[in-house]
Every structure is written in structure tokens, then in C-alpha cells.
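I have placed the structure first, in the form of C-alpha cells, so that the comments after it can refer back to it.
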Amino acid sequence: MNKKADALRITPRSESHPDWYQDVVREGQLAEAAEIVKGAMVIKPHGYAVWEKIQGELDRRFKATGHKNAYFPLLIPESFLKKEAEHVEGFSPELAVVTVAGGQELEEKYVIRPTSETVIGHFFAQWIQSWRDLPLLINQWANVVRWELRPRLFLRTTEFLWQEGHTAHASHEEAKEEVLRMLDVYADFAEDFMAMPVIRGEKTASEKFAGAVTTFCIEAMMQDGKALQAGTSHDLGQNFGKAFNVRFQNEQGELDYVWQTSWGVSTRLIGGLVMTHSDDNGLVLPPKLAPIHAVIVPFFRKNADENARVREAGAELARALEAEGLTVKFDDRDGAPGPKFFENERLGVPLRFGLGPRDLVERQLEFKRRDQSEKRSIPLDGAAKFAKEALADMQQELFRRALARREANTVRVDDYDDFLDLMKSERDSESKFVFAHWDGTPETEAKVKAETKATIRCIPLPGQGFEAEPGTCMVTKKPSAQRVIWAKSY
RNA sequence: CGGGGUGUAGCUCAGUUUGGCUAGAGCGCUUGGUUCGGGAUCAAGAGGUCGUAGGUUCAAAUCCUAUCACCCCGACCA
């Protein structure tokens with residue numbers, strides 16, 4: 001390894017997971033810390049392209065389930081936040097507040113939205129009169145600000161991008177269906193597009209959204225075994241309906257408060273993507289979210305005619321790949337192929353083709369998949385079809401590996417001493433999900449958190465291989481209806 | 001908010017203890033040549049009000065005072 005390679009080194013994951021993460025994000029050209037504001041980040045073009053892929057697919061799914069996009073104000077009167085007691089209590093510590101505008105001290109301060117339940121409640125109250133106005137199904141793509149004491153790129157930044165769905169329904173039953181429907185949309189998206197297996201579950205009281213009746217979530221395991229909350233869906237009951245007087249007349253002519261939901265995923269997903277698939281060579285992107293599917297690297301020599309033929313063959317291959325629906329980069333910049341290989345690997349480009357004079361003679365080309373270590377030769381004819389199949393295979397393979405890793409790192413524990421030993425003995429790079437019984441009290445949860453830093457990530461929903469079985473709490477030995485997922489988390 | 005640290009070239013940093021010539025290195029960048037099948041090489045070159053403000057001094061990146069910002073570790077969180 002020469003000086004250049006040394007300077008561009010990515011810290012091996014086994015050495016330091018946090019350093020590895022930072023290096024992969026930087027070298028993958030996803031984002032960088034905007035050091036002008038604490039905790040702010042610049043999402044760079046390649047990172048934003050991934051976000052656009054995420055947005056595009058989710059937006060399609062939201063619309064397919066009947067939602068419409070809208071946009072609400074960034075600034076919210078402070079009094080709005082205070083209308084829902086639990087909500088304001090939960091968010092107060094992380095609010096950024098505008099006190100001066102137009103050169104004058106404001107009569108009433110504005111908070112920069114940390115989320116939009118309150119401002120949307122205000123408008124829903126104006127838009128909804130009758131049961132015929134329901135359900136009202138709205139989504140907003142927006143930025144929000146939550147002042148963070150300890151930021152990390154994508155995972156926790158002061159300002160982040162997200163979508164927030166907000167719906168109003170005539171019955172609690174219908175609202176609950178919506179909450180689980182959107183949770184399933186998230187789970188399916190995470191597994192099918194991000195190739196990131198998730199566990200759908202319910203949050204405990206201490207982890208639920210401030211102002212919600214119930215919070216559901218999808219939780220994923222990162223490569224260091226820690227949990228990442230990748231999306232949430234809330235049953236808001238009538239809490240905000242009452243706070244903002246969102247009432248409707250039902251079919252019997254009686255006035256009632258609407259039943260609301262809200263649900264969101266954010267740019268945090270990109271952090272999850274990185275920590276699920278990437279390796280010591282940099283970013284690995286699942287094909288369905290890769291802005292570039294394939295890169296073609298030409299091998300040039302001295303002979304100008306020969307180079308012209310290589311260039312032509314490369315362009316032709318690019319056209320063939322594009323005809324199969326792939327996004328292709330023909331990397332014919334000056335310079336040796338080696339640095340191009342490394343750069344494209346770090347960008348997470350799933351497929352790479354190498355093409356030189358030798359290949360043209362033999363009607364073949366060099367092929368390498370980002371998730372495999374060996375390169376191989378394949379016939380030039382039919383390369384585009386081959387590529388398309390390779391992408392589909394890689395998408396599945398990434399999911400399969402991530403799922404296998406999660407299963408290998410999920411353990412059942414019945415005895416609290418065993419739990420303590422496990423949490424103490426694990427190194428930072430090899431944490432685990434622990435499936436264990438809990439007596440259902442916040443006190444027990446708090447005790448475990450204080451002693452081990454592990455929390456209940458969720459109470460898993462049925463149908464995911466974590467079926468309910470009664471038992472006794474690992475800490476207090478009191479009765480427990482089912483096991484829950486314990487883990488350290490981001 | 002508590003503890004620790006850092007601000008010098010685009011990046012990573014040396015120089016500060018003990019003040020002293022024109023402020024340095026590696027990488028990156030620009031131009032030209034030879035190269036090109038896994039991080040090439042040679043030559044020439046561009047790039048700095050040393051975080052900011054004030055003070056001490058013949059002289060300040062270096063000493064003093066104030067101030068700002070960011071990073072790391074903890075408590076809070078999508």
C-alpha cells in the first residue's frame with residue numbers, strides 16, 4: 001500500500017465501527033458535516049440521489065394507498081405546541097425558536113417544526129366538518145429541526161429530511177388499521193428495496209411518541225448488532241383532535257373528535273442502509289436504491305486506433321445496458337483503471353465492467369459484483385441480460401445475508417444474570433438482540449437500561465417468528481405475556 | 001449542562017514548551033510529458049490576513065486577556 005492508498009484508507013469495521021461509518025459516508029460521497037452549524041449536514045449529490053430513490057418509491061406507495069401530498073408551514077406558533085401537554089413536554093428540549101423577525105421582537109415566538117402534528121391539527125379542524133370529509137389522508141415531504149446534543153451524520157442530525165403522514169378517521173378502529181397499514185408499507189419497503197430486514201413491533205410507554213396513544217415501529221439490526229429505529233407509525237387516538245378541536249358530525253348527527261394517525265421515515269434510513277450492507281471497501285448499495293447500477297471502465301493503451309475501438313465498444317455496451325433499464329456510467333476519464341475501480345467501489349456501484357483491447361479480440365469482458373470479492377470474465381454478447389440478472393440476484397443476496405446475520409445475533413435469555421453477562425461481555429462491534437420476558441412495568445425497563453444501556457426496542461407483532469408465549473420476567477420473575485426485543489440502540 | 005480536545009493551504013497535520021530570516025510537510029489540485037488489465041511516474045506550478053478581537057514586545061502562529069466555533073465522551077432523542 002503506498003502513501004496515496006494509506007491517506008484514503010477506510011478504517012476497518014473491526015477496528016472501530018463509528019470511524020468506519022464516518023469513513024464510508026465520506027468516501028461514498030453521501031454527506032459531510034456542515035461545520036457552520038452544530039449537527040447540520042450537507043447531503044452531497046450522490047447521497048441525495050439515494051434519498052431521491054427512497055422518496056420516489058415511498059411516494060409511489062403512499063399514493064397507491066390513497067394519500068395526497070401537501071405542505072404546511074415551517075414555523076409554528078409556540079402556543080400550538082403547548083396545546084397537547086405530553087407533546088410539548090416531549091419536544092421542548094429540542095426546539096429551535098424564532099424570537100425576532102422583520103427586525104422586531106415577536107409578540108409570539110415561533111418554533112421551527114420538530115414535527116407537524118400541531119400545525120396540521122389546526123388546519124384539519126378547519127377542513128373537517130362531516131364524516132363525509134373522512135378519512136383525510138395527507139402526506140408531507142419536509143425538513144424538520146430537533147436540536148441534538150450529539151449528532152451523527154444521517155442517524156441524528158439537527159436538521160433532517162423526512163416525510164410525515166397525517167390522517168384523520170371517523171373511528172378508532174379505522175385509524176388503527178391505517179397505523180398498521182403504513183407500518184407494513186415501511187416494513188415492505190425496507191425489506192424489498194433497502195434489503196434491510198426489520199422487526200415490526202409496538203413501543204413501550206417510555207419509548208413512544210410524545211402525544212401518541214400507541215407507537216409502532218420497524219427496528220433493524222446494524223452490522224455491529226445495535227438496533228436502529230427505522231420508521232414509526234403512531235396511533236394518536238383523539239389526543240390532538242381534542243387539543244385542536246378537530247370535530248366532525250357522524251352519520252347519527254352527533255359531534256365527535258376525529259381519530260388521527262401520523263407516521264414517518266427520515267434520512268436516517270440512509271444511515272441504516274450504510275450500516276446494513278457496507279464493508280471495509282466502502283459503500284455497498286442495494287441495486288434498487290443505487291443511483292448508478294453499473295460502471296464501465298475502459299482499459300486504454302498507447303495505440304490511438306485501439307483506444308478508439310475500446311471507447312466505441314464501451315459506449316455500445318452502455319447503450320445495451322440502458323436498454324435493459326439500467327443507469328450506467330461509462331468512466332472514460334484519463335488515468336489508470338485502478339483508481340477508478342476504488343472510487344466506484346466506494347460509491348457503492350453494484351456492478352463493474354472492465355473492457356480493453358484484449359477483451360475485444362476474445363469477445364468478452366471483465367465483470368465484478370460489489371458484494372463479491374472475485375472478478376470474472378463473461379461473454380460480451382448477452383452482457384446486458386447477464387447484468388440485469390446479476391442485479392436481481394445481488395438485491396436478494398444482500399437481504400439474505402442481513403437476515404442471516406440478524407438471526408445469528410438474536411438470542412433468547414431467561415435469566416437476568418445471563419443478560420447482564422451478555423451485555424457486559426459484548427464488545428461494541430458485536431452487540432445482540434435479546435428476546436426475553438418483561439413484566440410490563442416502566443420501572444423494570446428503567447432498571448435494565450440503567451444497568452446495561454439496553455432498552456426494549458419493541459414488543460414484536462405476531463407473524464414474524466417471534467410468537468407470543470407467556471413466561472416470567474427475567475428481572476422480577478413476575479408474569480409476562482410475551483418476550484420482547486432488548487438491545488442497545490442508535 | 002458536566003468532562004476532554006481542536007482551530008495553521010482543499011484535507012490530515014508539524015511548528016507553540018524556550019517569541020526571531022520569506023510559515024512547512026504529505027496527500028489533493030493545475031499544466032505538460034511518459035503511462036494505463038487493482039490506488040503509476042517525472043517536471044513545472046497555484047494555493048495561507050496561522051478561528052476572531054484586543055494587549056505585551058524592536059519583533060507574535062508562538063506569551064497574556066477576552067470571545068466564537070466545532071469535535072469526542074456522558075445525560076436527552078427520528
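Throughout, protein chains are lettered first and strands after them, A, B, ... in sequence-line order, and every chain is numbered starting at 1. Computed from a predicted model, the values in this text were never measured in an experiment.
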Seminar exercise, completed: When both distances are under 3.5 Å in a Watson-Crick or G-U wobble arrangement, the nucleotide paired with rG74(B) is rC1(B)

Exercise. Picking from Q163(A), E164(A), H166(A), what satisfies side-chain hydrogen bond (donor to acceptor under 3.5 Å, both in side chains) with Q140(A)?
Worked result: E164(A)

Problem set entry | rU57(B) to rG20(B) separation - C1' atoms, rounded to the nearest Å | 12 Å

Exercise. Paired with rG37(B) by Watson-Crick or G-U wobble geometry, both distances under 3.5 Å: which nucleotide is it?
Worked result: none

Exercise. Taking only residues two or more places apart in sequence or in another chain, which ones pass side chain to side chain contact (heavy atoms under 4.5 Å, CB included) with T158(A)?
Worked result: V145(A), W147(A), E148(A)

Contacts under 3.5 angstrom, residues 286-308 of chain A side chains, donor-acceptor by atom type, not counting sequence neighbours:
unit_1: K288(A); atom_1: NZ; unit_2: D192(A); atom_2: OD1; d: 2.9
unit_1: H293(A); atom_1: ND1; unit_2: T327(A); atom_2: N; d: 2.9
unit_1: H293(A); atom_1: NE2; unit_2: P287(A); atom_2: O; d: 3.4
unit_1: N303(A); atom_1: OD1; unit_2: D305(A); atom_2: N; d: 2.9
unit_1: N303(A); atom_1: OD1; unit_2: E306(A); atom_2: N; d: 3.0
unit_1: N307(A); atom_1: OD1; unit_2: R301(A); atom_2: N; d: 2.8
unit_1: N307(A); atom_1: ND2; unit_2: R301(A); atom_2: O; d: 2.6

For this session: Using only side-chain N and O atoms of K340(A), determine if any of them is under 4.0 Å from OP1 or OP2 of rG39(B).
Result: no

For this session: Look through every strand shown and name the nucleotide pairing with rG48(B) as Watson-Crick or G-U wobble, where both distances are under 3.5 Å.
Result: none

For this session: Would you list the pairs meeting ring pair (Phe, Tyr, Trp, His ring centres under 6.0 Å) in which at least one residue belongs to residues 210-233 of chain A, sequence neighbours left out?
Result: none

Exercise. If you measure from the P atom in rG39(B) to the same atom in rG48(B), how many Å do you get, rounded?
Worked result: 34 Å

Exercise. So what's rC13(B) paired with, Watson-Crick or G-U wobble, going by both distances under 3.5 Å?
Worked result: rG24(B)

Exercise. Do NZ/NE/NH1/NH2 and the carboxylate oxygens of K208(A) and E86(A) come within less than 4.0 Å?
Worked result: yes

For this session: Could you name each residue pair satisfying side-chain hydrogen bond (donor to acceptor under 3.5 Å, both in side chains) that touches residues 67-83 of chain A, not counting sequence neighbours?
Result: D59(A)-N69(A), T65(A)-H67(A), H67(A)-E178(A), N69(A)-N139(A), Y71(A)-R113(A), S79(A)-E108(A)

For this session: Just jot down the ring pair (Phe, Tyr, Trp, His ring centres under 6.0 Å) partners of F160(A), sequence neighbours excluded, or say none.
Result: W162(A)

Problem set entry | Those residues of residues 348-383 of chain A lying under 4.0 Å from RNA chain B by at least one heavy atom | R352(A), G356(A), P357(A), R358(A), D359(A), E366(A), K368(A), K375(A)

Strictly under 3.5 Å: I want the nitrogen or oxygen pairs between protein and nucleotides 2-9 of chain B, one per line.
none

Problem set entry | salt bridge (Lys or Arg N to Asp or Glu O under 4.0 Å) against R457(A), all qualifying residues, sequence neighbours excluded | E207(A), E219(A)

Exercise. Between N344(A) (CG) and rG39(B) (C1'), how many Å, whole number?
Worked result: 13 Å

Problem set entry | Atom C1', compared across rA60(B) and rG47(B): separation rounded to whole Å | 24 Å

Exercise. Is F342(A) stacked on the base of rG39(B), with ring centres under 5.5 Å apart and planes under 30° apart?
Worked result: yes

Could you run down the sub-3.5 Å N/O contacts of the protein with nucleotides 74-77 of chain B?
unit_1: rG74(B); atom_1: OP2; unit_2: R150(A); atom_2: NH1; d: 2.5
unit_1: rC77(B); atom_1: O2; unit_2: R156(A); atom_2: NE; d: 2.7
unit_1: rC77(B); atom_1: N3; unit_2: R156(A); atom_2: NE; d: 2.9
unit_1: rC77(B); atom_1: N3; unit_2: R156(A); atom_2: NH2; d: 3.3

For this session: Quick one: label T215(A) by what it contacts on the DNA or RNA (base, sugar-phosphate, nothing), any heavy atom closer than 4.0 Å.
Result: nothing

For this session: Name all residues meeting the salt bridge (Lys or Arg N to Asp or Glu O under 4.0 Å) criterion together with R352(A); count only those two or more places apart in sequence or in a different chain, and write none if there are none.
Result: E345(A), E366(A)

Exercise. Has the side chain of E345(A) got a donor or acceptor atom sitting under 3.5 Å from an opposite partner on the base of rG39(B)?
Worked result: no

Problem set entry | Pair partner, rG7(B) [Watson-Crick or wobble, under 3.5 Å] | rC68(B)

Exercise. Which part of the nucleic acid, if any, lies within reach of F160(A) when heavy atoms closer than 4.0 Å are counted: base, sugar-phosphate only, or nothing?
Worked result: base

For this session: Just grab all the ring pair (Phe, Tyr, Trp, His ring centres under 6.0 Å) pairs involving residues 340-360 of chain A, residues at least two apart or on different chains.
Result: F353(A)-F367(A)

Exercise. Are the side chains of R406(A) and P197(A) in touch, meaning some heavy atoms are under 4.5 Å apart?
Worked result: yes

Exercise. For D332(A), which residues count as a salt bridge (Lys or Arg N to Asp or Glu O under 4.0 Å) partner, sequence neighbours excluded?
Worked result: R311(A)

